[in-house]
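Input: a single structure, listed below in structure tokens.
Proteins come first, then strands; the chains are lettered A, B, ... in the order of their sequence lines, and each starts at number 1.
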Number of protein chains: 2
Amino acid sequence: MALSHAIMTALLEEDLSGYELAKRFDTSLGFFWCASHQQIYQELRKMAGKDWLSARSVEQSGKPNKVMYSLTKQGKEALDQWVLATGKVQPAKDDFLVKLHNVGHSDVAPILAELDGRQEASKARLDLYKRIRRKHYTKPKLLPDTQKGVYLTLLLGIRQEEHTQRWCDDARSLLRTVRAI
Amino acid sequence: MALSHAIMTALLEEDLSGYELAKRFDTSLGFFWCASHQQIYQELRKMAGKDWLSARSVEQSGKPNKVMYSLTKQGKEALDQWVLATGKVQPAKDDFLVKLHNVGHSDVAPILAELDGRQEASKARLDLYKRIRRKHYTKPKLLPDTQKGVYLTLLLGIRQEEHTQRWCDDARSLLRTVRAI
DNA sequence: TATTGATATACAAATATTTGCATATGCAAG
DNA sequence: CTTGCATATGCAAATATTTGTATATCAATA
């Protein structure tokens with residue numbers, strides 16, 4: 001159950017509502033962990049039930065009311081326990097790589113098309129990450145400790161996307177040598 | 001439902017039993033898609049029920065009997081349909097990157113330890129991939145079309161692990177500048 | 001001959017995740 | 001004044017995945 005821990009991690013810095021969390025999972029945390037709002041709202045209530053989080057309703061003007069959650073002492077303890085425990089590495093599941101194994105057995109055209117799409121998406125992410133780095137992480141060593149881990153995930157993302165760009169180019173070259181079925 | 005498609009992809013080249021498939025998912029295919037034997041056996045029966053696969057029992061001497069599966073015409077059609085459809089990119093979920101966001105909020109020592117573990121594991125994979133490349137994929141352009149996609153996944157894996165190695169070194173440097181809590 | 005390890009399959013329960021739907025407020029643009 | 005968009009939360013059902021357990025064959029080895 002790591003979604004709960006991802007949520008608690010986000011709550012380390014500030015209290016958030018489900019909606020705000022969902023947005024996090026669309027951006028920063030979402031760079032390497034995605035979750036739908038349904039999952040988040042459900043998980044939040046479950047965690048509040050376990051006293052890992054405390055909830056309070058907040059009246060808003062101009063917007064629907066929201067429920068703000070904060071990490072409790074018990075939640076923090078559970079989180080620390082989890083950080084302490086070494087987890088097993090699980091390879092990412094990637095549809096596209098499965099599809100690549102079909103090259104030579106079915107039409108390459110859609111695979112090339114999907115490759116283009118992925119390269120574009122990766123380029124967009126790369127640009128975004130670089131913008132974030134320029135804005136907030138120019139001097140990693142001078143960062144407060146609480147930001148160093150975040151920076152490292154960003155750095156990983158940047159390198160990941162850079163090598164993805166190169167790989168996509170190489171993959172395209174090779175896939176173009178595949179005869180039509 | 002992509003596990004079924006990963007299974008059919010493996011069955012493109014040759015008929016396999018559940019046990020043999022499980023081993024595949026521990027190695028080649030498993031580099032980017034993992035599945036437990038429980039899941040595989042269950043999925044195989046489900047797919048046979050949909051007539052995507054045909055099953056036949058094979059008597060063996062010296063070993064328990066096994067059930068061999070082959071891809072049917074309908075299965076191949078379903079697979080082609082899936083290859084044709086563009087899937088959305090879903091970021092990999094990675095516990096460790098969530099843990100990194102906890103740096104500065106809890107003890108770094110276990111995070112550094114986990115980093116070491118990951119680097120070692122990554123190094124082992126890198127060596128394995130390189131051995132495979134040396135043995136089977138020295139001349140990518142001369143490969144039969146059916147092997148080109150497989151090669152590309154291997155290449156991605158190699159680059160992935162190479163950059164992971166560098167990143168782990170950089171991460172360790174920076175994490176060492178974090179004060180104990 | 002008792003144990004271990006590899007081969008081979010399977011059930012059941014618990015969790016996690018995705019998909020589809022439902023509801024409601026308030027702003028802005030047409 | 002109605003449509004669409006962003007905010008905000010939720011239920012229910014279907015799928016997928018993990019975890020734990022169970023069974024059985026045969027080979028090697030201690």
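- In terms of position on DNA chain D, the residue among Glu20(A) and Gln42(A) whose nearest nucleotide sits closer to the 5' end is Glu20(A).
- For the pair Tyr19(B) OH and dA10(C) P, the computed distance is 15 Å after rounding to whole Å.
- Neither side chain, Arg125(B) nor Gln160(B), offers a donor N or O lying under 3.5 Å from an acceptor on the other.
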Could you tabulate the donor-acceptor pairs under 3.5 Å formed by side-chain atoms of residues 131-139 of chain B, not counting sequence neighbours?
unit_1: Tyr137(B); atom_1: OH; unit_2: Gln147(B); atom_2: OE1; d: 3.1

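- Rounded to whole angstrom, the span from the NZ atom of Lys66(B) across to the P atom of dT23(D) amounts to 25 Å.
- Note: CZ (Arg56(B)) to P (dA8(C)) measures 14 Å, nearest angstrom.
- Separating the CG atom of Asn65(B) from the C1' atom of dT23(D) is a distance of 14 Å, rounded to the nearest angstrom.
- Out of dC11(C), dT7(C), dT17(D), the shortest distance to the side chain of Lys23(B) is found at dT7(C).
- Proximity of Thr153(B) to Phe32(B): side-chain heavy atoms (C-beta onward) are separated by under 4.5 Å at one or more points.
- In this pair, His5(B) and Trp52(B) present their aromatic rings tilted. The plane angle is within the 30 to 60° band.
- Lys93(B) has its NZ atom 12 Å from the C1' atom of dT15(C), to the nearest Å.
- Salt bridge status for Lys123(A) with Glu161(A): absent, with no side-chain N to carboxylate O gap under 4.0 Å.
- Here dG10(D) presents its C1' atom at 15 Å from NZ of Lys46(A), a figure rounded to the nearest Å.
- Distance CG (Leu21(A)) to P (dT7(D)): 14 Å, rounded to an integer number of Å.
- Sparse packing is recorded around CD of Glu120(B), with 12 or fewer heavy atoms of other residues, nucleotides or ligands lying under 6.0 Å away.
- Contact check for Lys76(B) versus Lys73(B): no side-chain heavy atoms found under the 4.5 Å cut-off.
- The stretch residues 33-41 of chain A touches DNA chain C through Ser36(A), Gln38(A), Gln39(A), each having a heavy atom within less than 4.0 Å of the strand.
- Residue His5(B) contributes atom NE2, which lies 14 Å from atom P of dT15(D) at whole-angstrom precision.
- Of all nucleotides listed (dA16(D), dC11(C), dT17(D)), dC11(C) comes nearest to the side chain of Arg45(B).
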